[in-house]
K.L.:
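Sharing a structure, written as structure tokens. Questions coming.
Reminder, nothing fancy here: chain letters follow the sequence lines and each chain counts from 1.
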Protein chains: 2
Amino acid sequence: MKPVPYPTIQRFPLYLEVIKQLQLAGIKTISATDIAQNLGFTNIQVRKDIGYTGIIGKPKIGYNIKELEKVITSFLGWQNTNDAILVGVGALGSALLGYKGFEDYGLNIISGFDVNKKIVGKKIHGKKILHIDDFESQVKLLKVSIGILTVNQSSAQQITDLMVKAGIKGIWNFSSENLKVPDDIVVQRENLSASLALLSVKLSHKFKTKQ
Amino acid sequence: MKPVPYPTIQRFPLYLEVIKQLQLAGIKTISATDIAQNLGFTNIQVRKDIGYTGIIGKPKIGYNIKELEKVITSFLGWQNTNDAILVGVGALGSALLGYKGFEDYGLNIISGFDVNKKIVGKKIHGKKILHIDDFESQVKLLKVSIGILTVNQSSAQQITDLMVKAGIKGIWNFSSENLKVPDDIVVQRENLSASLALLSVKLSHKFKTKQ
DNA sequence: CTTTAATCGATAAATATATATCGTTATAAA
DNA sequence: TTTATAACGATATATATTTATCGATTAAAG
């Protein structure tokens, strides 16, 4: 089987959103062209992406919208909820604890961990905040495999080592540290600065050329 | 002049971080290999990226670290602070208002806007929260060109239209709405789900193949 | 002073991704 | 029933990006 390109995987959640929106409107079938127009892509690209899921569409009609939602969701592994824990309950960590959108992504943040005595023991957005000393035992107890890292750069590697030791398999890294992990651990870096960089450069380019 | 690839632009902030770290350690010159090892890239890629800035390095030595920081910062347009305003002071919006890291990216969020009477008039993380009714006048008064959109999907397009009307030129879109804007407006979509999708797929792939 | 090795910059090759083309199929209109 | 058209899937082409190669240069070691 040919590997699915990363850009394709990254577009899938966008397709899911369009699908959900149109489903709410009562639509039963959806074509690559429909999705493309909604997102500003080409229909060829959307059709090719969808092709990776193996779903069969009908000419002149498109795809069964329910079935398409199912195959994409399943491809992403979002059909069942995956439990996650979060370490570093600062401004960003708190925000993520309260972010409702993760439900759509099959992600359930069980609890947050920190060392700050002011918040340990309390609840934030309904999620209990525990002390980092209890991290390893909790992760092992609950068999959590995804860790969300929202600590500052200076403690990022240390917490990462702890996550690995506790059995975490995938780390969503919101810090700017380049984490060192064993081969069998997946790290996904969330890079706000990268997207701000693109915005900045596109903006300055527009100003240079247009004015 | 050949256009700089988007992936290159997105890597520049990472290079800046390594540069700043090594500068703190008193390092005066830095090679593409140094940066590459620090980030897990190939030195060839780093060297090529750096080449786009026009800086000249010395064989066996590398680049003057101060000069390299300067050219990358300047390329990104981060040498001067750019003012921004934020609309939608919910969980995520509050977090961004309090995020210190933006200073490094030349971004200064002046204030937040919302309709929630509980927070309008108050300060969050030291930033004043104003009512959306005052948005247009404030933006015009302060000549802000960057807007950060952290409202929910249902009001995203409406707020976008308001931003455009007020003179905002670049929109950093944290909502999941596909925004419609005039040609001369730049929209950068921040897509948390895209990166979570990658993490999910990489994880499930590891589990499939390794176990 | 000569040799060695690290690194640069430029060019070339390889890979990955996006776009285009084309024959086929299914619906709806004529 | 026939014709026109939207959209599919497969294949081919084009573009973008990454990786490799190579000669030149510079500092440091011998």
Side-chain angles (χ1 to χ4, degrees), chain A residues 1-15 18-19 22 27-68 71-72 75 191 194 197-198 201-202 205, chain B residues 1-12 14-15 18-19 22 27-68 71-72 75 189 191 194 197-198 201-202 205:
Chain A
M1 221 200 292
K2 57 242 143 167
V4 180
Y6 282 179
T8 295
I9 296 171
Q10 297 201 314
R11 283 188 292 269
F12 276 150
L14 300 176
Y15 298 170
V18 174
I19 287 170
L22 294 187
I27 309 284
K28 299 295 180 195
T29 61
I30 188 173
S31 72
T33 307
D34 294 334
I35 296 177
Q37 281 179 342
N38 217 297
L39 293 169
F41 300 153
T42 71
N43 61 359
I44 303 165
Q45 182 174 60
V46 174
R47 193 173 304 118
K48 191 159 196 185
D49 285 345
I50 291 176
Y52 287 109
T53 67
I55 191 178
I56 302 293
K58 281 187 189 171
K60 188 81 184 250
I61 295 293
Y63 308 91
N64 178 293
I65 197 167
K66 209 170 172 182
E67 191 188 353
L68 184 57
V71 293
I72 294 180
F75 178 89
N191 196 356
L198 264 186
V201 170
K202 284 179 185 169
H205 190 254
Chain B
M1 220 200 293
K2 56 239 142 170
V4 181
Y6 282 179
T8 295
I9 296 171
Q10 299 203 328
R11 282 187 293 267
F12 276 151
L14 299 177
Y15 299 170
V18 175
I19 288 169
L22 293 186
I27 309 283
K28 298 297 178 192
T29 61
I30 188 173
S31 71
T33 308
D34 294 335
I35 297 177
Q37 282 179 342
N38 216 297
L39 292 169
F41 299 155
T42 73
N43 60 359
I44 304 165
Q45 182 174 59
V46 174
R47 192 174 303 117
K48 191 156 198 186
D49 284 345
I50 290 176
Y52 287 108
T53 67
I55 192 177
I56 302 293
K58 280 187 189 170
K60 189 81 184 251
I61 295 292
Y63 307 90
N64 178 293
I65 197 168
K66 208 169 172 181
E67 193 188 351
L68 184 57
V71 294
I72 294 179
F75 178 90
R189 171 176 237 158
N191 195 356
L198 264 187
V201 171
K202 285 178 186 170
H205 190 255

K.L.:
To check you understand the geometry: which heavy-atom pair defines the closest contact between Ile27(A) and Ile65(A), and what is its length?
P.N.:
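Looking at all heavy atoms of both residues, the shortest contact is O-CG2, 3.4 Å.
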K.L.:
Between which nucleotides of DNA chain C, read 5' to 3', does contact with chain A run, using atoms under 4.0 Å from its heavy atoms?
P.N.:
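With heavy atoms of chain A under 4.0 Å away, the range is dT17(C) to dT27(C).
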K.L.:
Looking at dT19(D), does its base get a donor-acceptor pair with the side chain of Lys48(B) below 3.5 Å?
P.N.:
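In this structure, the two groups form a donor-acceptor pair.
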K.L.:
Could you tell me the separation between the OH atom of Tyr6(B) and the C1' atom of dT17(D), rounded to a whole number of Å?
P.N.:
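The distance from OH of Tyr6(B) to C1' of dT17(D) comes to 14 Å, rounded to the nearest Å.
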K.L.:
In this structure, how many angstroms lie between the C1' atom of dT18(D) and the CG atom of Asp49(B), rounded?
P.N.:
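For the pair Asp49(B) CG and dT18(D) C1', the rounded distance is 10 Å.
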K.L.:
Rounded to whole Å, please give me the gap between OH in Tyr52(B) and P in dA16(D).
P.N.:
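Going from OH in Tyr52(B) over to P in dA16(D) covers 11 Å.
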K.L.:
May I ask you to say what Gly57(A) touches in the nucleic acid, namely base, sugar-phosphate or nothing, with a heavy-atom cut-off under 4.0 Å?
P.N.:
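Sugar-phosphate contact only - Gly57(A) comes under 4.0 Å of backbone atoms but never of a base.
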K.L.:
Just wondering, do Asn64(A) and Lys28(A) contact through their side chains at under 4.5 Å, heavy atoms?
P.N.:
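A side-chain contact is absent here, since even the closest heavy-atom pair is not under 4.5 Å.
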K.L.:
Under 4.0 Å, heavy atoms only, any strand: does Ile55(B) hit a base, just the sugar-phosphate, or nothing?
P.N.:
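It contacts sugar-phosphate atoms only.
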K.L.:
Could you tell me whether the side chain of Phe75(B) reaches within less than 4.5 Å of the side chain of Val201(A), counting heavy atoms only?
P.N.:
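They are in side-chain contact.
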K.L.:
Carefully, step by step, assess Tyr63(A) and Ile50(A) under the rule side-chain contact (heavy atoms from CB on, under 4.5 Å).
P.N.:
CA-CA 10 Å; Tyr63(A) 308 91; Ile50(A) 291 176; 3.7 Å; yes
K.L.:
Give Gly62(B) one of three labels, base, sugar-phosphate or nothing, depending on what nucleic acid heavy atoms sit under 4.0 Å from its own.
P.N.:
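The answer is sugar-phosphate, as Gly62(B) gets under 4.0 Å only of primed atoms, P, OP1 or OP2.
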K.L.:
Does a side-chain N or O of Arg47(B) approach OP1 or OP2 of dT21(D) to a distance below 4.0 Å, or not?
P.N.:
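Answer no for this pair, as no side-chain N or O of Arg47(B) is under 4.0 Å from OP1 or OP2.
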K.L.:
side-chain contact (heavy atoms from CB on, under 4.5 Å), that's the test. Do Leu39(A) and Arg189(B) meet it? Break it down for me.
P.N.:
CA-CA 12 Å; Leu39(A) 293 169; Arg189(B) 171 176 237 158; 4.2 Å; yes
K.L.:
Checking contacts here: which listed nucleotide (dT21(D), dC8(D), dT17(D)) is nearest the side-chain heavy atoms of Ala32(A)?
P.N.:
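The closest nucleotide is dC8(D).
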K.L.:
Which distance, rounded to the nearest 0.5 Å, do you find between the CD of Gln10(A) and the CG of Asp49(A)?
P.N.:
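Gln10(A) atom CD to Asp49(A) atom CG measures 11.0 Å (nearest 0.5 Å).
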K.L.:
Check side chain to side chain donor-acceptor pair (under 3.5 Å) between Lys202(B) and all other residues, then give those that pass, not counting sequence neighbours.
P.N.:
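By the side chain to side chain donor-acceptor pair (under 3.5 Å) rule, Lys202(B) matches Gln188(A).
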K.L.:
Rounded to whole Å, how long is the line connecting atom CG of Leu68(A) with atom C1' of dA7(D)?
P.N.:
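Interatomic distance, CG of Leu68(A) to C1' of dA7(D): 14 Å.
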K.L.:
Tyr6(B) vs Ile9(B), test: side-chain contact (heavy atoms from CB on, under 4.5 Å). Steps then yes/no.
P.N.:
CA-CA 5 Å; Tyr6(B) 282 179; Ile9(B) 296 171; 4.1 Å; yes
K.L.:
Generate the contact string for nucleotides 23-30 of chain D. Rules: B means base contact, S means sugar-phosphate contact only, - means no protein heavy atom under 4.0 Å.
P.N.:
--BBB---
K.L.:
In whole angstroms, how far is the P atom of dC8(D) from the CD1 atom of Ile56(A)?
P.N.:
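For the pair Ile56(A) CD1 and dC8(D) P, the rounded distance is 12 Å.
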K.L.:
Expressed in angstrom and rounded to an integer, what is the separation of Asn64(A) atom CG from dA7(D) atom P?
P.N.:
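To the nearest whole Å, that distance equals 16 Å.
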K.L.:
Do Ile35(A) and Leu68(A) come close enough that some side-chain heavy atom pair is under 4.5 Å?
P.N.:
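Yes; the side chains approach each other to less than 4.5 Å.
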K.L.:
Write down the distance between CD1 (Ile44(A)) and P (dA12(D)), rounded to a whole number of angstrom.
P.N.:
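Taking CD1 of Ile44(A) and P of dA12(D), I get 16 Å after rounding.
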K.L.:
Classify the nucleic acid contact of Thr8(A) as base, sugar-phosphate or nothing, counting any heavy atom under 4.0 Å across all strands shown.
P.N.:
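Nothing: the residue Thr8(A), judged by heavy atoms under 4.0 Å, touches no strand.
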